[in-house]
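Just below is one structure, and these are the notes that go with it.
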There are 2 protein chains.
Amino acid sequence: MTDQDTRLVLERLLRLRDRREPLVVQIAEWVGAGIVEGRLEPGQDLNSVDLSRRFETSRTPVREALMLLEQEGLVEMKARRRPRVAAPTPQDIRDIYQVRKNLLSMLAGLLVERADDEELAELRTRVERMRKLADGGDVDGYFWNHVLLQERMTEIVGNPTLKQILDSLALRTLMLRHLGLTRAGRLAHSVDDQERLLQACEERDGELASALIAGATVRAQRAVEEQLEQDGAARGRKPARGRRAAS
Amino acid sequence: MTDQDTRLVLERLLRLRDRREPLVVQIAEWVGAGIVEGRLEPGQDLNSVDLSRRFETSRTPVREALMLLEQEGLVEMKARRRPRVAAPTPQDIRDIYQVRKNLLSMLAGLLVERADDEELAELRTRVERMRKLADGGDVDGYFWNHVLLQERMTEIVGNPTLKQILDSLALRTLMLRHLGLTRAGRLAHSVDDQERLLQACEERDGELASALIAGATVRAQRAVEEQLEQDGAARGRKPARGRRAAS
DNA sequence: GGTTGAGATAGTGTCGACACCGTTGCGTCG
DNA sequence: CGACGCAACGGTGTCGACACTATCTCAACC
């Protein structure tokens, strides 16, 4: 998972282009990518002085970048307190996946209604590419194409409100999803899910597509939770938690 | 619809308390209430100089307040351009209601699962109060209690992610919903919908509750669209559109 | 008359300074 | 030995200034 990939995806998911000055975009991408990639740990302080020094700017654009990430749930800010990298609890993660499952169901139903044959063919091409990546065991490549696939689906459906909410939820689970995909056999299962979903779309069976994507989401969630539990057990032995922002 | 009511609801829906300095909160509430109440027209400029003069502050807290409202979809900001009051298109409104319908369905299902008898009794009290207000033709009173009812429901369900998304969607439709309720007979229909929903909850019928709230949302949307069309036709004759912020 | 461009105007983005407050480390007291 | 309080430190929120640019005005030109 290269930093560059992450930045490009962040730029789209956060709708940064043209909405903010390049300086703010740069900072938001660096911090956001850091959080997604795990370079910045949950709970870690993100003080604006350090960040402004790092980017050789004043604190104003730093504050703005952090506010952008706050609204996407990657950063937590309280008045007069130092901003921190968000630390979602297991319950938060369950809640997010629950909403995500529901909205993805909706998305699948709309996709069946609204995607024309050409668009479905494009999605088919994407899934085939993902199949190859999965067979080759390329977790990173598969991961990014997975993100892209869902992004494309929301575009095809053409409901910007829905897209925005799904993007926000996707962002919050980005690092988690990558985690889940590293589990043995998960890659193959995931690509199977995508193929079944696409087939249902091609057969114009909205009910089935909804059910399939809901099932796939539940399985993805389970993979993430199992992996988290495993990591948590491992980390229990050395519970280090940095407090200063990386400099 | 008093300004004070609006501010209190905004404060909760925007989660302002403790998240921002009082100064920022004050500005965000004034602008937000202005948009919801229609004092500030869609598309109107919100330049930070005028606003800072009005509140006797610098532009920094103004910018922060506007960013808060931007993330809730009440204000539109592009880099280097003046912020504007958001002007949702009819299509945007359809999209928002579509997502809202879906999430409210989910909410109803969860409510049936998770609300205990005591909580249902509390909701019953609220609905009865709303019945009285509806009978008395008190549009404003009914409106705010309606907002409060849904807020309470999301709290009972206990999924903060869902609550936050529903709150955000609620905000975007606040002024519209009030508009819809002014239509003849709409108040009575609305309270009927609420009673049916609550009854389904008391009978622990999740499927029915979901269906009912989905239906109610569709009807609310229709009322809003009809009222908008009517207003639009009326406004077509004198298409004034202020460009300066009120001062 | 309508279009185009230059100059004036007005508003945004960023900065460094400063006042205020949360935090931390240390000394004091029970 | 631990709880408490105090003072120094560090970080946040706000300000006024300034550079840059979108926007408006108006005049010259076709």
Side-chain angles (χ1 to χ4, degrees), chain A residues 11 14-31 40-41 43-71 75-87 241-247, chain B residues 11 14-31 40-41 43-71 75-87 241-247:
Chain A
E11 189 171 317
L14 290 168
R15 305 181 310 289
L16 287 175
R17 188 56 69 208
D18 286 336
R19 239 186 39 157
R20 291 291 183 262
E21 290 290 292
L23 184 51
V24 173
V25 171
Q26 190 193 352
I27 300 170
E29 285 180 356
W30 187 85
V31 177
L40 302 172
E41 288 183 45
Q44 182 173 332
D45 279 357
L46 288 171
N47 92 54
S48 53
V49 176
D50 284 356
L51 284 170
S52 65
R53 261 200 288 270
R54 162 179 295 272
F55 289 94
E56 292 174 342
T57 66
S58 75
R59 283 166 46 236
T60 312
V62 171
R63 265 176 74 72
E64 192 167 327
L66 291 179
M67 285 183 67
L68 276 176
L69 296 171
E70 186 201 18
Q71 78 188 186
V75 166
E76 288 167 0
M77 295 176 84
K78 290 191 86 177
R80 297 260 171 205
R81 302 213 146 62
R82 296 203 279 279
R84 304 154 69 87
V85 177
R241 172 147 292 181
R243 285 194 34 268
R244 291 276 154 180
S247 57
Chain B
E11 189 171 318
L14 289 167
R15 307 182 308 289
L16 287 176
R17 189 56 71 212
D18 285 338
R19 240 186 40 160
R20 292 289 184 264
E21 290 291 293
L23 185 50
V24 173
V25 170
Q26 189 193 354
I27 300 170
E29 284 180 357
W30 187 86
V31 177
L40 302 172
E41 287 183 45
Q44 183 174 332
D45 280 356
L46 288 171
N47 91 54
S48 53
V49 176
D50 283 356
L51 285 170
S52 64
R53 260 199 290 269
R54 162 179 295 271
F55 288 95
E56 292 174 343
T57 66
S58 75
R59 283 167 46 238
T60 312
V62 171
R63 265 175 76 70
E64 193 166 327
L66 291 178
M67 284 182 69
L68 275 175
L69 296 171
E70 184 201 18
Q71 75 186 204
V75 166
E76 288 167 359
M77 294 176 83
K78 290 192 84 176
R80 297 260 170 206
R81 299 212 148 64
R82 294 202 280 279
R84 304 155 69 86
V85 177
R241 172 148 292 181
R243 284 193 35 268
R244 292 276 154 177
S247 61

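Just so it is clear: chains get the letters A, B, ... in the order the sequence lines come, proteins before strands, and each one is counted from 1.
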Quick test of your reading of the model: are A:Arg15 and B:Glu76 salt-bridged, counting only N-O distances below 4.0 Å?
no
Whether A:Arg59 contacts D:dT14 is assessed here as follows: a side-chain N or O lying under 4.0 Å from the phosphate OP1 or OP2. Is that the case?
no
Between CZ on residue B:Arg20 and NZ on residue A:Lys78, distance to nearest 0.5 Å
12.0 Å
Could you pick out which residue, B:Met77 or A:Arg80, lies toward the 5' side of DNA chain C when each is mapped onto its nearest nucleotide?
B:Met77
Over how many whole Å does the gap from B:Leu66 atom CG to C:dG13 atom P extend?
10 Å
Whole-Å distance between C:dT12 P and A:Glu64 CD?
12 Å
Do NZ/NE/NH1/NH2 and the carboxylate oxygens of A:Glu29 and A:Arg17 come within less than 4.0 Å?
no
Distance, rounded to the nearest Å, where B:Leu51 contributes CG and D:dC15 contributes P
13 Å
Mind calculating the distance between CG (B:Asp50) and P (C:dA10) to the nearest angstrom?
11 Å
Can you list, in residue-number order, the parts of residues 17-26 of chain A that come under 4.0 Å of DNA chain D, counting heavy atoms only?
none
Just compare C:dC15, D:dG11, D:dC15 and give me whichever is closest to any side-chain atom of B:Thr60.
D:dC15
Is the phosphate of D:dT12 approached by A:Ser48 (side-chain N or O, under 4.0 Å from OP1 or OP2)?
yes
Selected nucleotide, minimal atom distance to B:Arg81 side chain, candidates D:dC15, D:dT23, C:dC15:
D:dT23
Atom-pair distance (CG on B:Asp45; P on C:dT12), nearest Å:
8 Å
For the side chain of B:Arg82, counting heavy atoms from C-beta on, which of D:dT23, D:dT14, D:dT12 is nearest?
D:dT23
Of the listed nucleotides C:dG13, D:dT14, C:dT12, the one nearest the side chain of B:Pro61
D:dT14
When rounded to the nearest 0.5 angstrom, what is the spacing between CD in B:Glu21 and OG1 in B:Thr60?
12.5 Å
Between A:Met67 and B:Glu70, is any pair of side-chain heavy atoms under 4.5 Å apart?
no
Straight-line distance of A:Ser48 OG to A:Ile27 CD1, nearest 0.5 Å
10.5 Å
Going through the checks in order, is the salt bridge (charged side-chain N to carboxylate O under 4.0 Å, His left out) test met by B:Arg63 and A:Glu64?
CA-CA 9 Å; B:Arg63 265 175 76 70; A:Glu64 192 167 327; 2.5 Å; yes
